K.L.:
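Submitted below is the structure of interest, expressed as C-alpha cells.
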Amino acid sequence: MSTRQSVMLLVVLVLSLPGLIHSFKPLFKSNSFTHRDITRIAVLRKTAEVCRDIAASKGLDFNLIIDNNLSAGKVQKACLSRDTSTIKFETAIATMYLSNAAVDQIFLLSAARHFDDETFHRGRDIITEGVSAVKAHAKLENYFRGRLSLGQICHTLQDFYSHSNWVELGNKAPYSALIRPDQPLKNLAGQNTPTCRSCVGENCTNNILPDVLNQGLLTSGYFGIFFSSKPTGKCSHGGSADRTSRKDPVGGINKDTIDSSHGFLHNEAANLAIHATMELLEDVRLAAGNTNFMRLMGLSQSPVLCFVIDTTGSMSDDIDEAKRVSFEIIDRKRGTGQEPSGYILVPFNDPDFGPLVMTSNADVFKGQINSLTAAGGGDIPEMALSGLQLALTAAPPFSEIFLFTDAPAKDTYLKNTIIALIESTKSQVTFMLTGSAVFRRRRRTSQDVAPRAMSRSAVQLYQDLAEASGGQAIQVTKSELSLATSVIVDSSASAVVTVFQASRNPGRPDNFNFTIDGSLQNITAYITGDSPLTFSLTSSTGVSQTSSQSSGPLASFTTTGNLRRLSLNTDNQTGLWQLSVSSNNPYLVKVTGQSSVNFIYNLVEEHEGAHGDFSLKEGRLLSGGNASILVTVTGSETVKVTEVTLFDSSGPTEVKGSLQSLGSSDFLVTFSGIPAGEFVLVLKGEDSNSTSRSTSSSFQRQASTQIKTSSISVTAQANNTNIEPGTTISIPFTVAATTDGVITDSATETFTVRVSNDRSYTSSSPTSVTTVAGSGGKANGTVTLMAPSSAASGTDVTLTIEAENAAVTDINYVVLRFSVTAKVTDVNPPVCQVVNTTTCDSTSLLCASSQWEFIANFTDGINGTGIESVTIRQGNGTLNMSTVVEAGGENITLVTYTASCCSPIVKLTAVDSVGNVGTCVGQARVLTTPPPTTTTPSTTTTPATTSAVQTTSTGGYTLNTSTILWLSVVFSVLWK
C-alpha cells in the first residue's frame with residue numbers, strides 16, 4: 001500500500017470515529033452557542049451597524065435595537081426600509097455558517113485551524129491570509145467565494161476563545177492581534193512552561209496553574225485522536241475523543257459547550273467570539289467599502305441578471321434581443337429595490353468561450369453586452385456547455401441563468417458536469433433556442449444568415465438540463481424571440497417563488513394540483529411543450545377555463561413557439577387549484593408568483609458520536625439510505641411548517657420527512673430509506689400572518705432543482721482551499737459502491753473518473769479507479785490542480801470530480817471550490833501624517849457660513865503596495881486627492897478635506913492594494929475669542945516631516961472653552 005493510500009485510509013478512519021468535533025459545535029446544540037449561532041449573530045449585528053452608520057450619514061433615523069436577538073427579516077427591513085423577501089440574505093448567511101461548520105470535517109486534524117497545541121502564530125496566519133483572500137474576492141465582486149472563505153476563517157477565529165485561556169485570563173475584549181499581522185502576539189507560554197494541573201475528578205475549574213494566570217501567559221489545550229503524547233505539564237483540550245486529556249495533567253480547558261471541561265465559561269467565550277467576528281467583519285468592511293460589504297453579506301432583494309450568449313454569425317437577432325430585454329430591465333429598475341443585485345455575461349462560440357464578465361455596475365454590463373457582435377461559426381455545434389459552466393460557477397446559489405443559442409452543443413461531454421453544478425448551486429437554467437429543428441422550416445435572420453438546424457437529440461440535451469434545474473427549454477423562431485423573453489422579465493422581479501413544477505417525459509394527460517395562498521401576487525403559469533397540447537384551469541371555487549379561451553375568468557395567456565404563458569387572475573380565490581394538461585409530447589408545467597414567504601435548503605450529513613453534529617453534504621443522496629436536509633423558511637416569522645416531502649412525480653413516489661424545529665424559522669428534516677429516483681423538495685405549511693386575501697393560510701412552495709440519488713459514494717478532502725499562483729495542490733478522493741446507503745465492503749468494481757475545472761487550469765487525474773479485495777470496498781485516487789503564475793489573487797476555481805459505474809447507469813460527484821491567493825508580504829497599513837488645518841469660530845451663530853480645511857498625507861511605505869483608495873468615513877465635506885513621488889521613491893497621497901464648520905470632525909479611511917486599512921481622524925481648531933478683524937481664517941501648518949500619531953480612540957471630545965483658547969488638531973491612525 002502506498003503512503004498516499006495509507007493517508008487516505010487514515011482520513012477515512014478518522015472521519016468515522018465518534019466524538020471528533022473539538023470546537024464550538026458546528027450547527028446544532030440546544031443549550032450552547034454553536035458556530036452557526038455565533039456567525040449568524042455577528043453577521044446580523046455588523047450588517048445592522050453598517051446600515052445604522054449609513055443612515056446617520058444621511059441624517060436618517062435607524063430604529064432597530066442591535067443585540068443578539070436580531071433576525072434577517074428585522075435587519076433587512078431596517079436597512080432597506082421595506083418588508084421584502086429575505087431569501088438572498090438568508091442564503092448568504094447560510095453559505096457562511098455552513099462553510100464555517102465544514103472546517104471541522106475538512107481540517108479535522110489541523111491543530112492550527114482550531115488553535116490547538118499552542119499553535120498561535122500559524123493560527124493567526126490562517127486568519128490573516130484568509131482575510132486577504134476575502135478582500136481580494138470582494139474587490140473582484142466575487143461575493144459567493146468571499147463568503148466561503150469568510151466562513152472558514154471565522155471558525156478558526158472563534159475557536160481561539162474556546163480553546164485558549166484568553167477568557168480565563170480575565171479578558172473582556174477580543175484579541176485584536178489575531179487579525180493584525182503587523183502586531184506581535186505577546187506573552188505566549190513557552191514550549192517548556194507548564195500550564196495546567198490535573199482536574200479533581202470531573203471538576204476542572206482551577207486546573208490552569210496560578211502562575212500562568214498571574215503572569216498573563218497565553219496557552220491552549222493539546223488535542224490528540226490517536227496519541228496521548230503532549231509536552232510535560234501542558235493543558236489538554238479535553239473530551240472523550242482527546243487522548244492527551246488522559247495523561248497528566250488530566251482534564252481539559254475547552255469551552256465548546258456548557259458541558260465541556262470549562263463549560264462554566266462557555267457563554268463568555270461565545271460572547272467574545274461574537275465580538276471578535278464582528279471586529280473581523282469591520283476590517284473587511286473598511287477595506288471593501290460599505291456598498292461591497294453589504295453585497296458580500298447578501299443584503300439584496302433581487303437576483304442577478306445572468307446571460308450566456310452564442311456569438312456566431314446567425315445570432316445577430318438573438319444578441320439584439322438580449323440587449324433589448326436587459327436594457328429594459330436595467331433602465332426600468334435602476335435605483336429601485338428591484339434593481340438586479342449583479343450582472344453576469346458569458347459569450348461563447350467555437351472554439352472559444354468567455355471571458356466571464358461579472359459586475360454590480362449596470363453600465364459596465366451594458367457596455368459589455370453592447371459590444372457583442374455575431375460573427376464566424378463555420379461548423380454548427382458551439383461551446384455552449386463550457387460557457388454555461390463558467391456562469392454556474394460564478395453566479396450565486398439559487399440564481400437563474402438564460403442561455404441564448406440556435407446551435408447544438410459541441411461539448412456534450414460536459415453534460416454530467418453541468419448537472420453536478422446545477423445540483424450543487426441549485427440554480428435554474430432556461431434555454432432560449434432559436435435554431436431550426438430538423439422537422440421545422442428554417443427562416444433566415446435579419447442579417448440574411450440562416451439559423452442552424454438542431455436535431456431532436458440536440459434539443460433533448462437542453463431540455464434535460466432545463467428539467468434538472470427547474471428551468472425551461474423554450475423553442476421559438478427568431479421573430480418570436482422578443483415575445484418569449486417575457487420569462488426573463490418575470491424572473492428578474494424580486495421575491496419570485498416556485499409554487500409548483502412538474503414534467504412529463506414521455507408525455508401523457510395528467511392533472512396537477514397546487515395551492516394559492518394569500519401572500520402570492522403576480523401568479524404566472526408556464527406550460528412548455530410541442531403541439532398538439534391543450535389544457536384547462538380550475539380555481540379553488542370551481543371556476544374553469546380552457547385553452548380555447550385566450551382571455552377568460554381565471555387567466556389570460558399567450559402562445560409563443562412551444563411556450564404558453566398564463567397570467568392568473570386569482571381574485572381572492574385562495575386554496576387548491578388544478579391545471580389539467582392533455583398531450584402525448586413531453587411537456588413541463590411551472591407555477592410561480594411573488595411572495596416574501598420562501599425557503600432555502602441544504603443537504604447535510606450527520607456525524608455520529610457523543611459530540612457528533614452535521615456538516616454540509618456534497619454530491620447526491622445515497623439510494624436506499626437516510627438523508628438530512630436543513631430548511632430555512634424566509635419572509636415570515638409566523639410560519640408553521642407542517643410537511644416537507646421528497647416528491648418524484650414520474651413514480652409517483654413521495655417520501656415524507658420527519659421535522660425537528662431548530663428555533664426561529666429553521667428546521668432539520670430527516671428522511672429514511674430514500675428509494676432511487678429524481679426528486680424535488682416540496683414544503684407545505686400554515687402562515688398565521690397570511691390574511692391579505694382570505695382566512696385561509698395554507699401555503700405550498702417547491703424547490704426547482706432536482707435532488708437525485710446514487711449508489712456511488714464520492715468523497716474528497718483537500719488539505720487547503722487556497723492555491724498560490726504558480727503552485728500545485730493535490731486532492732485525494734475516494735469512490736465506493738453502496739447498498740441501502742452503506743458502503744459495500746466486498747464490492748469489486750471499476751469506476752470511470754472524469755475531472756473538470758471551470759478555469760481550464762492544468763490538472764491530472766486517473767481515468768478510472770477500481771475497488772479490490774481488502775480495500776473495504778473503497779477505491780482511492782488523487783487529482784492535482786495547478787494555478788498558473790498569471791492567475792490574479794481573488795480568482796476562484798471550481799473543481800468537479802465525477803465517478804460513473806461500469807454499466808454507465810449511475811453517477812455521483814463532488815464539487816470543490818478553491819481560491820487563488822497570492823502571498824501577501826505587505827502587512828502594514830497606510831500611515832497618516834497631518835500637514836495643515838484651519839480654524840472655525842466657535843462664537844459664530846452661523847456655522848454654515850464658514851468652512852475649515854484639513855490636509856494630510858497618506859503613505860504606504862517604500863515597500864508597500866500603494867494607496868488604492870481614500871474615503872470619508874465620517875464628515876459631510878468634499879475630498880480631493882493627488883499623488884506625488886518623493887525623492888526616495890515613496891508614493892505620497894495628499895488629501896485635502898473641506899467642510900462647513902457645522903461638520904468639524906472628519907474620519908478618513910485609506911486602503912492599500914492588498915486591503916490593509918489605515919484611518920486618520922481630524923478636527924477643526926476652535927477659536928473661542930472674537931476673531932481678528934481680518935476675514936481670512938488663521939492657519940497652522942505642520943511640516944511635512946511631522947511624524948504620525950497613533951491612537952486607539954476615535955470617540956467624541958469634551959471642550960472646556962473657558963480655559964482653552966485653541967483646540968489642537970486631533971488625529972490618529974487606527975490599524976484595522
Side-chain angles (χ1 to χ4, degrees), residues 19-26 29 32-35 37-39 100-101 103-105 107-127 130 152-171 174-175 177-179 185 187-189 191 193 195-196 199 204-205 207-209 212-213 216-225 230-231 234-245 249-277 280 611 613:
L20 293 183
I21 303 302
H22 61 292
S23 64
F24 286 118
K25 295 292 288 295
K29 180 68 175 176
S32 300
F33 284 92
T34 65
H35 279 293
D37 298 328
I38 293 168
T39 304
N100 183 319
V103 172
D104 272 327
Q105 302 306 315
F107 304 110
L108 176 66
L109 301 179
S110 169
R113 292 275 177 177
H114 309 283
F115 276 109
D116 294 331
D117 303 358
E118 298 182 315
T119 52
F120 295 113
H121 285 100
R122 181 60 193 129
R124 198 261 295 272
D125 288 345
I126 288 171
I127 293 171
Q152 288 190 352
I153 59 175
C154 284
H155 184 107
T156 302
L157 178 66
Q158 292 159 8
D159 269 0
F160 170 82
Y161 298 94
S162 176
H163 296 178
S164 76
N165 67 330
W166 183 259
V167 176
E168 286 85 346
L169 289 173
N171 292 294
Y175 192 19
L178 293 179
I179 64 171
L185 297 175
N187 229 23
L188 304 183
Q191 184 177 0
T193 302
T195 54
C196 267
C199 300
C204 295
T205 304
N207 63 331
I208 298 179
L209 294 176
V212 171
L213 300 177
L217 298 180
L218 188 62
T219 185
S220 69
Y222 281 73
F223 182 85
I225 296 172
K230 64 180 178 182
K234 289 295 187 181
C235 301
S236 289
H237 175 85
S240 60
D242 179 19
R243 294 176 65 91
T244 75
S245 64
V250 174
I253 65 170
N254 86 82
K255 297 161 282 293
D256 294 341
T257 71
I258 62 171
D259 303 317
S260 299
S261 303
H262 278 205
F264 59 93
L265 293 173
H266 168 78
N267 288 334
E268 287 88 337
N271 188 56
L272 276 176
I274 290 170
H275 284 87
T277 305
L280 185 150
H611 296 278
D613 202 350

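Computed from a predicted structure; not experimentally measured.
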K.L.:
For the residue pair H266 and F33, does the interplanar ring angle fall in the parallel (under 30°), tilted (30 to 60°) or perpendicular (over 60°) class?
P.N.:
tilted

K.L.:
Working note: K230 + F223, criterion side chain to side chain contact (heavy atoms under 4.5 Å, CB included); need CA distance, chi angles, decisive distance, verdict.
P.N.:
CA-CA 8 Å; K230 64 180 178 182; F223 182 85; over 6 Å; no

K.L.:
Restricting to non-hydrogen atoms, name the atom on E168 and the atom on S164 that form the minimum distance, rounded to 0.1 Å.
P.N.:
OE1-O, 3.5 Å

K.L.:
Less than 3.5 Å apart, any donor N or O on the side chain of H262 or N165 sitting next to an acceptor on the other?
P.N.:
no

K.L.:
Just wondering, do S261 and N254 contact through their side chains at under 4.5 Å, heavy atoms?
P.N.:
yes

K.L.:
Spell out, as yes or no, whether a donor-acceptor pair under 3.5 Å connects the side chain of S220 to the backbone of F115.
P.N.:
yes

K.L.:
Would you name the heavy atoms of A111 and D117 that are closest together and state the gap between them?
P.N.:
CB-OD2, 3.7 Å

K.L.:
Quick one: closest heavy-atom pair of T257 and S260, and the distance?
P.N.:
N-OG, 2.9 Å

K.L.:
Atom CD1 of I126 and atom CG of L178: how far apart are they, to the nearest 0.5 Å?
P.N.:
12.0 Å

K.L.:
About how many Å separate CG of N271 and CD1 of I38, when rounded to the nearest 0.5 Å?
P.N.:
9.5 Å

K.L.:
Mind running side chain to side chain contact (heavy atoms under 4.5 Å, CB included) on L188 and H121 for me, showing each step along the way?
P.N.:
CA-CA 10 Å; L188 304 183; H121 285 100; 3.4 Å; yes

K.L.:
Can you label the angle between the H155 ring and the H35 ring as parallel, tilted or perpendicular, going by 30° and 60°?
P.N.:
parallel

K.L.:
Got a second to check how far N187's CG is from L218's CG, nearest 0.5 Å?
P.N.:
8.0 Å

K.L.:
Given side chains that start at C-beta, do those of H114 and V103 come closer than 4.5 Å, heavy atoms only?
P.N.:
yes

K.L.:
Using 0.5 Å steps for rounding, measure from the CG atom of D159 to the CG atom of D104.
P.N.:
6.5 Å

K.L.:
Measure the spacing between OG of S32 and NZ of K255 and express it to the nearest 0.5 Å.
P.N.:
13.5 Å

K.L.:
Side chain of N100, backbone of Q152: donor and acceptor closer than 3.5 Å?
P.N.:
no

K.L.:
For C199 versus G251, what's the shortest heavy-atom pair and its separation?
P.N.:
SG-CA, 3.5 Å

K.L.:
Let me see the working for L169 and L213 under side chain to side chain contact (heavy atoms under 4.5 Å, CB included), right down to the final yes or no.
P.N.:
CA-CA 6 Å; L169 289 173; L213 300 177; 4.0 Å; yes

K.L.:
So, the side chain of S236 versus the backbone of T244: is there a donor-acceptor pair under 3.5 Å, distance only?
P.N.:
yes

K.L.:
How about P249 and N207: do any of their side-chain heavy atoms sit closer than 4.5 Å?
P.N.:
no

K.L.:
Can you find a heavy atom in the side chain of T277 that is under 4.5 Å from one in the side chain of Y161?
P.N.:
no

K.L.:
If you compare all heavy atoms of K234 against all heavy atoms of C196, which two are closest, and at what distance to 0.1 Å?
P.N.:
C-CB, 4.2 Å

K.L.:
I want to check something: taking the side chain as every heavy atom from C-beta on, are F160 and L272 in contact at a cut-off of under 4.5 Å?
P.N.:
no

K.L.:
Please state whether the rings of H237 and H163 are parallel, tilted or perpendicular, taking 30° and 60° as the class boundaries.
P.N.:
perpendicular

K.L.:
What I'd like to find out is whether the side chain of T195 reaches to under 4.5 Å of the side chain of L217, using heavy atoms alone.
P.N.:
no

K.L.:
Nearest 0.5 angstrom please: D116 CG to C235 SG, how far?
P.N.:
12.0 Å

K.L.:
Checking the side chain of S110 only, and the main-chain atoms of F107 only, is there a donor and an acceptor separated by less than 3.5 Å?
P.N.:
no

K.L.:
Please assess R122 against D125 for the test side chain to side chain contact (heavy atoms under 4.5 Å, CB included), listing each intermediate value before the final yes or no.
P.N.:
CA-CA 5 Å; R122 181 60 193 129; D125 288 345; 3.1 Å; yes

